[in-house]
Colleague: 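My structure is below; once you've seen it, I'll send some questions.
Here is the naming used below: chain letters follow the sequence lines, and residue numbers restart at 1 for every chain.
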There are 2 protein chains.
Amino acid sequence: MELTTAEENYLKAIYHLSEEGKKSVSTNDIAAQIQTKPASVSDMLRKLGEKEVIQYRKYYGLQITELGKRLALQTIRKHRLWEVFLVDKLHFAWDEVHEVAEQLEHIQSPLLIERLDAYLNYPKFDPHGDPIPDAYGDVRTRPRCALNEMDIDQSGQIVAVKDSSAAFLRYLDKVGAYIGARIKILDKVEFDGSIEILVDQKKTLFMSKDVASNILVLQS
Amino acid sequence: MELTTAEENYLKAIYHLSEEGKKSVSTNDIAAQIQTKPASVSDMLRKLGEKEVIQYRKYYGLQITELGKRLALQTIRKHRLWEVFLVDKLHFAWDEVHEVAEQLEHIQSPLLIERLDAYLNYPKFDPHGDPIPDAYGDVRTRPRCALNEMDIDQSGQIVAVKDSSAAFLRYLDKVGAYIGARIKILDKVEFDGSIEILVDQKKTLFMSKDVASNILVLQS
DNA sequence: AAATAATATTAGATAAAGCTAAAAAATATA
DNA sequence: TATATTTTTTAGCTTTATCTAATATTATTT
């Protein structure tokens, strides 16, 4: 089963949208996700249906198949391994890796990915804390909750971010929130949902609900 | 100046053929080099002419421009740096790197190449002994001659191979000829041009003229 | 120099991936 | 329920990069 670069990108988008727990993935959602027009999406859905990576009935909706899931996870695996490479070995900042990894993920060479994985010491998470699927497409997820959903006095460790945009990541760098940081909720403002947290038992930090909702925590 | 992947491949082929010292590069040569049909080449030459990376007058011939040379050397630089990465870091054999590097060379990210170069410690030659152009497209070439052109009793060091096909490279691995090996011509057979050489003052090796002509030596 | 061969180009198709505008289907609203 | 709105799909066009078959040009031989 060979997919083109465009097909891989659509399938990845569909996989991500499917995982977000929504009832079903709409043509418009996909168009928004990959910055294209709904008309182009319709066309592609037909093609992906023919290739049996999704089940598709027009006007009805779609469902990703097992095959599709496996292929999407392969692409995600490659993307995340390359991100680790860029950060760990080439010293990219975590907000600089996405665009390059978007390109690198389409390189076709099973041997390359096998060797890269070994070279990076079989990492389990990428620089944004997202889990790296193994060669069989298995993903080990950790229980995690959004920072804004925690209560006062609860503590935990930052394990991932939901939004990986450069702007957000640079903001986190600036205020000193990083993956691995131990945090504790000091205060929550009812009015706007903003919170005050203690980072690494040293520094207090105020942040809006919007920011907090994009930070994922492993509770302890 | 932005080139598509296909355009980069054509330009690279044109650059390589131009460097081979031939009077001029023919449509058929290019078609053979990149495994396509002459009709497709004609089409592409027109496009490359419009982009001013070659000077092109139909039926007359073509000449690569300074701009074209610079862009071709950028691609070659990327290709060769990736080959070094694959061999030095991911432990690919030198006959396994070409196809993957063909893909990697089209990744667009100046920062990536800059960092990769630094990470690899600014290598000057790729695993086949070919020089790696610097960021400005300057290539430092070493004087080198084909092994079959040397005379009896002359010695030198293998510095590169002309043919980088997997079959040839695996043959060299098998007989123990590698880049860096010190060699001395022990005998030359007038009849067929085959030769006998001493490798690293230890081992003698017989090889056909065909093989010898694809091994490049720095004479000492 | 004329005929033949080789080489190069154009014409016309095809396939992928995108677009806009129009039509069709599904959903929401009055 | 009928109408309006939103969503989705189709129709038709564009671009890039191929191809084959036909034509044009240049080179080579008689």
Colleague: Cation-pi check for A:Tyr119 against A:Lys89: NZ or CZ below 6.0 Å from the six-membered ring centre and within 45 degrees of the axis, yes or no?
Modeller: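 Because its charged atom sits under 6.0 Å from the ring centre and within 45° of the axis, A:Lys89 does stack over A:Tyr119.
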Colleague: Whole angstrom is fine here: how far is it from CD in B:Glu50 over to P in D:dT15?
Modeller: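 Taking atom P of D:dT15 as the reference, CD of B:Glu50 is at 13 Å.
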Colleague: Is B:Thr27 touching bases, backbone alone, or none of the nucleic acid, heavy atoms closer than 4.0 Å?
Modeller: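 Sugar-phosphate only.
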Colleague: D:dT9, C:dG18, D:dA17: which one has an atom nearest the side-chain heavy atoms of A:Thr36?
Modeller: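 Output: C:dG18.
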Colleague: Give the rounded distance in Å between these two atoms: CZ of B:Arg46 and C1' of D:dT15.
Modeller: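 So the CZ-C1' distance, B:Arg46 to D:dT15, works out to 12 Å.
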Colleague: Is there a side-chain polar atom (N or O) of B:Thr4 under 4.0 Å from OP1 or OP2 of D:dA17?
Modeller: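 B:Thr4 to D:dA17 OP1/OP2: side-chain N or O found under 4.0 Å.
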Colleague: Can you find a side chain N or O atom of A:Tyr59 that sits less than 4.0 Å from OP1 or OP2 on D:dT10?
Modeller: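 For D:dT10, neither OP1 nor OP2 has a side-chain N or O of A:Tyr59 closer than 4.0 Å.
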Colleague: Which is true for B:Tyr60 with a 4.0 Å heavy-atom rule: it touches a base, it touches only sugar-phosphate, or it touches nothing?
Modeller: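 Since no nucleic acid heavy atom lies under 4.0 Å of B:Tyr60, the category is nothing.
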Colleague: Would you mind reading off the distance between A:Glu8 atom CD and C:dA16 atom P, rounded to a whole angstrom?
Modeller: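 Rounded to whole Å, this separation is 16 Å.
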Colleague: Using the side-chain heavy atoms of A:Ser40, tell me which of these nucleotides is nearest: C:dG18, C:dT9, C:dT7.
Modeller: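 Closest nucleotide to the A:Ser40 side chain: C:dG18.
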Colleague: Could you check which of D:dA17, C:dA21, C:dA8 has an atom nearest any side-chain atom of A:Ala39?
Modeller: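 The listed nucleotide nearest to A:Ala39's side chain is C:dA21.
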Colleague: How many angstroms lie between atom CG of A:Leu112 and atom CD of B:Glu96, to the nearest 0.5 angstrom?
Modeller: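 Here the rounded value is 11.0 Å.
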Colleague: Which nucleotide, C:dA17, D:dT18, C:dT10, lies nearest any side-chain atom of A:Lys47?
Modeller: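 Of the candidates, C:dA17 comes closest.
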Colleague: Of all the nucleotides listed (C:dT20, D:dT9, C:dA8), which has the minimum atom distance to the side chain of A:Lys37?
Modeller: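 Nearest to the side chain of A:Lys37 among the choices is C:dT20.
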Colleague: Under the side-chain contact (heavy atoms from CB on, under 4.5 Å) test against A:Phe168, which residue among A:Asp173, A:Ile215, A:Asp95 passes?
Modeller: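 Result: among A:Asp173, A:Ile215, A:Asp95, A:Ile215 is the only option passing the side-chain contact (heavy atoms from CB on, under 4.5 Å) with A:Phe168.
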Colleague: Using rotation axes that map the C1' atoms of four end pairs onto the next four (five pairs an end), what angle separates the end axes of the helix from C:dA1-D:dT30 to C:dA30-D:dT1, to 10°?
Modeller: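 The end axes of the helix from C:dA1-D:dT30 to C:dA30-D:dT1 are about 10° apart, to the nearest 10°.
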Colleague: With a 4.0 Å limit, can you tell me whether B:Asn28 has a side-chain N or O closer than that to the phosphate oxygens OP1/OP2 of C:dA6?
Modeller: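 Result: no.
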Colleague: Side-chain N or O of B:Lys58 versus OP1/OP2 of D:dA24: is the shortest distance under 4.0 Å?
Modeller: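 For D:dA24, OP1/OP2 do not have a side-chain N/O of B:Lys58 under 4.0 Å.
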Colleague: Over how many whole Å does the gap from B:Asp43 atom CG to C:dT10 atom C1' extend?
Modeller: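 Distance, rounded to whole Å: 9 Å.
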Colleague: Please report the distance, rounded to the nearest Å, between CD1 in B:Ile34 and P in D:dA17.
Modeller: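 It works out to 11 Å between those atoms.
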Colleague: Could you tell me how far apart B:His106 (NE2) and D:dA17 (C1') are, to the nearest whole angstrom?
Modeller: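 Result: 14 Å.
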Colleague: Among C:dT9, D:dT20, C:dA8, find the nucleotide with the atom closest to the side chain of B:Leu45.
Modeller: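 Looking only at side-chain atoms, B:Leu45 lies closest to C:dT9.
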Colleague: Could you check A:Glu50 against A:Arg46 for salt bridge (Lys or Arg N to Asp or Glu O under 4.0 Å), going step by step and ending with a plain yes or no?
Modeller: CA-CA 6 Å; A:Glu50 280 166 14; A:Arg46 191 184 36 71; 3.4 Å; yes
